[in-house]
Colleague: 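This structure is in structure tokens; I'll ask about it shortly.
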There are 2 protein chains.
Amino acid sequence: MAPEKTVERLCLYRRLLKTALTEGETNIFSHELAELVSGSAAQVRRDLMEVGVTGHSKRGYEVDHLLTEIDKVLDAPHGTRIVLIGVGDLGRAMLRFMKGYHERIKVVGAFDNDEAKIERVVHGFRCKSVTDLEAVIASSGVDVAIISTPADAAQAICDRLVAAGVRGIVNFAPVPLHVPGNVKLERVDIATALEKVACLVRQATVGCNVPEEAND
Amino acid sequence: MAPEKTVERLCLYRRLLKTALTEGETNIFSHELAELVSGSAAQVRRDLMEVGVTGHSKRGYEVDHLLTEIDKVLDAPHGTRIVLIGVGDLGRAMLRFMKGYHERIKVVGAFDNDEAKIERVVHGFRCKSVTDLEAVIASSGVDVAIISTPADAAQAICDRLVAAGVRGIVNFAPVPLHVPGNVKLERVDIATALEKVACLVRQATVGCNVPEEAND
DNA sequence: TAGATTGTTAATCGATTAACAATC
DNA sequence: TAGATTGTTAATCGATTAACAATC
């Protein structure tokens, strides 16, 4: 119901509010939260409207209450069951992240096709054979799958996930995946992020730096 | 000069065009490229206009030529010099990715503050002490830095990078960083991606699935 | 020629920002 | 009260899409 961009920012707000809370801040103004995310106060207020909380013109918003309400919007009350496919460096990074994150993130399986990795325990999760993927999905139920395989394996895995009924996918493989309209797909494109910044930096320095030639 | 969104898509096009080229495709229509990225043909044509290439109404675009021109827009002719800070799982994933990627990506340093990692070779790069960060930047010159440290170290590292003259930063740490306006910052937010998909999937299934209670 | 595709402009869409009355 | 902040609507901005003459 809340627009995607708002959902993204709510995830950010939540993390920052948790920090603020542990630092003893009980109340926060929209412009303070805005500064933390390098956004505008108006946008913060708009986002919080979406959550349904209401602030106070003298004290701003109550951090505690804000967190409770954002949780309600973002999290499924019974948690999110997750599978991860591809236990390489990136897959391990995700497992490690999810391990310590919060209790409503539930990893129900980590899969790889490398015999050497199967049955190994990585950050507390036992690696399974990718041949068992459908069986685990069928028995545990899965809300979101993380694809951290090499590019050439990603679409095939994606198809299997969709066929098995998974309706949310986070794709770390550097290829665009194709999914039916009823599946939510989020691309995390490391390659593009790097190339994009490189390009933008270069564009910004054109003219003041190396003038296209003229050195040695 | 090209809008950021266009730059992002150009990165994607380039990767897909390379694949197409190795598969022997010499020409491609805007609607074909659009399908590969799940975009629209009009957008592809618009993006390619920005690059300055021109197509042919019977044969579409020449893949070969397209790649050459996109390279010119995206890449600095002398390459992009990169440092990476934080050789954890995520840092290793990035090193591994950059190792095999292409010749214009030049990693000039990988840093960590863990004594156990320093001097170790990771995916072909020797890990350095983070105390040497400024020295390496000063001697090698650095275009883009990748921050893959834990969240609590990220802002301090970021400040040091900016002070040392780095003008492009890719941030993998799950905190928003603050940089001056002349620094390009790209956030790759793994935590948000995961939480966002979880939320969207849940929103989509509300009503048809667990009706907020009603099971034991 | 007829049909498909390109290059480009105008129309649409969505998201962000500005503004301001209402509140404390 | 005076001053700051909220909640919300209207104005702005940018990006995407539709449309279509020109081209091959």
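Quick note on labels: first sequence line is chain A, next is B, and so on, each numbered from 1. Note that the structure is a prediction, hence the values are computed from the model and not measured.
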Colleague: Return no unless some side-chain N or O of B:S40 is found under 4.0 Å from OP1 or OP2 of D:dT17.
Modeller: yes
Colleague: Supply the atom-to-atom distance B:R81 CZ to B:D143 CG, rounded to the nearest 0.5 angstrom.
Modeller: 4.0 Å
Colleague: Provide, to the nearest angstrom, the distance between the CD atom belonging to B:E8 and the C1' atom belonging to D:dT16.
Modeller: 14 Å
Colleague: Rounding to an integer number of Å, can you tell me how far A:H31 NE2 sits from D:dA4 P?
Modeller: 11 Å
Colleague: Counting Watson-Crick and G-U wobble pairs only, both distances under 3.5 Å, name the nucleotide matched with D:dA18, or none.
Modeller: C:dT9
Colleague: For A:K58 and B:T6, take the nucleotide of DNA chain D holding the closest heavy atom to each; which residue's nucleotide lies nearer the 5' end?
Modeller: A:K58
Colleague: Between B:Q43 and B:D47, do the side chains contain an N or O donor and an N or O acceptor separated by less than 3.5 Å?
Modeller: no
Colleague: For C:dC24, which nucleotide in any strand shown is its Watson-Crick or wobble partner with both distances under 3.5 Å?
Modeller: D:dG3
Colleague: Checking all strands, does B:G60 fall into the base, sugar-phosphate, or nothing category for heavy-atom contacts under 4.0 angstrom?
Modeller: sugar-phosphate
Colleague: Produce the list of close N/O pairs, under 3.5 Å, pairing protein atoms with atoms of nucleotides 9-14 of chain C; give distances to one decimal.
Modeller:
none

Colleague: In whole angstroms, how far is the P atom of C:dT6 from the CD atom of B:E50?
Modeller: 18 Å
Colleague: Give the nucleotide from the list C:dC24, D:dT8, C:dA15 with an atom nearest to the side chain of A:R59.
Modeller: C:dC24
Colleague: Could a donor-acceptor pair under 3.5 angstrom be found where the side chain of B:S57 meets the base of C:dT5?
Modeller: no
Colleague: Can you tell me how far P of C:dA22 sits from NE2 of A:H56, to the nearest Å?
Modeller: 18 Å
Colleague: Between the main-chain N or O of A:T19 and the side-chain N or O of A:T22, is there a donor-acceptor pair closer than 3.5 Å?
Modeller: yes
Colleague: Rounded to whole Å, how long is the line connecting atom CZ of B:F29 with atom P of D:dC24?
Modeller: 14 Å
Colleague: Can a side chain N or O of B:R9 be found less than 4.0 Å away from OP1 or OP2 on D:dT16?
Modeller: yes
Colleague: Whole Å only: how far is the CG atom of A:L48 from the P atom of D:dT8?
Modeller: 12 Å
Colleague: Cut-off 3.5 Å, side chains only: do A:N27 and A:H56 have a donor facing an acceptor?
Modeller: no
Colleague: Could you work out which one of C:dT6, C:dA15, D:dT6 sits closest to the side chain of A:Y61?
Modeller: D:dT6
Colleague: Measure the distance from CG on A:D47 to P on C:dT16 and round it to the nearest whole Å.
Modeller: 8 Å
Colleague: On DNA chain C, nearest-nucleotide positions of B:A42 versus A:E4: which is more 5'?
Modeller: B:A42
Colleague: Can you measure B:N27 atom CG to C:dA4 atom P for me and round it to whole angstrom units?
Modeller: 19 Å
Colleague: By nearest atom, which of the nucleotides D:dG7, D:dA15, D:dC20 is closest to the B:K5 side chain?
Modeller: D:dA15
Colleague: Under 3.5 Å, is there a donor-acceptor pair between the B:Y61 and B:E69 side chains?
Modeller: no
Colleague: Assess, by modelled atom type and distance only, whether the side chains of B:R15 and A:T192 contain a donor and an acceptor separated by less than 3.5 Å.
Modeller: yes
Colleague: For B:V175, is there any backbone N or O sitting under 3.5 Å from a side-chain donor or acceptor partner on B:N171?
Modeller: yes
Colleague: B:R202 and A:T80: side-chain donor and acceptor closer than 3.5 Å?
Modeller: no
Colleague: D:dT8, D:dC20, C:dT16: which one has an atom nearest the side-chain heavy atoms of A:Q43?
Modeller: C:dT16
Colleague: Taking only N and O in the side chain of A:T54, is any of them less than 4.0 Å away from OP1 or OP2 of D:dT6?
Modeller: no
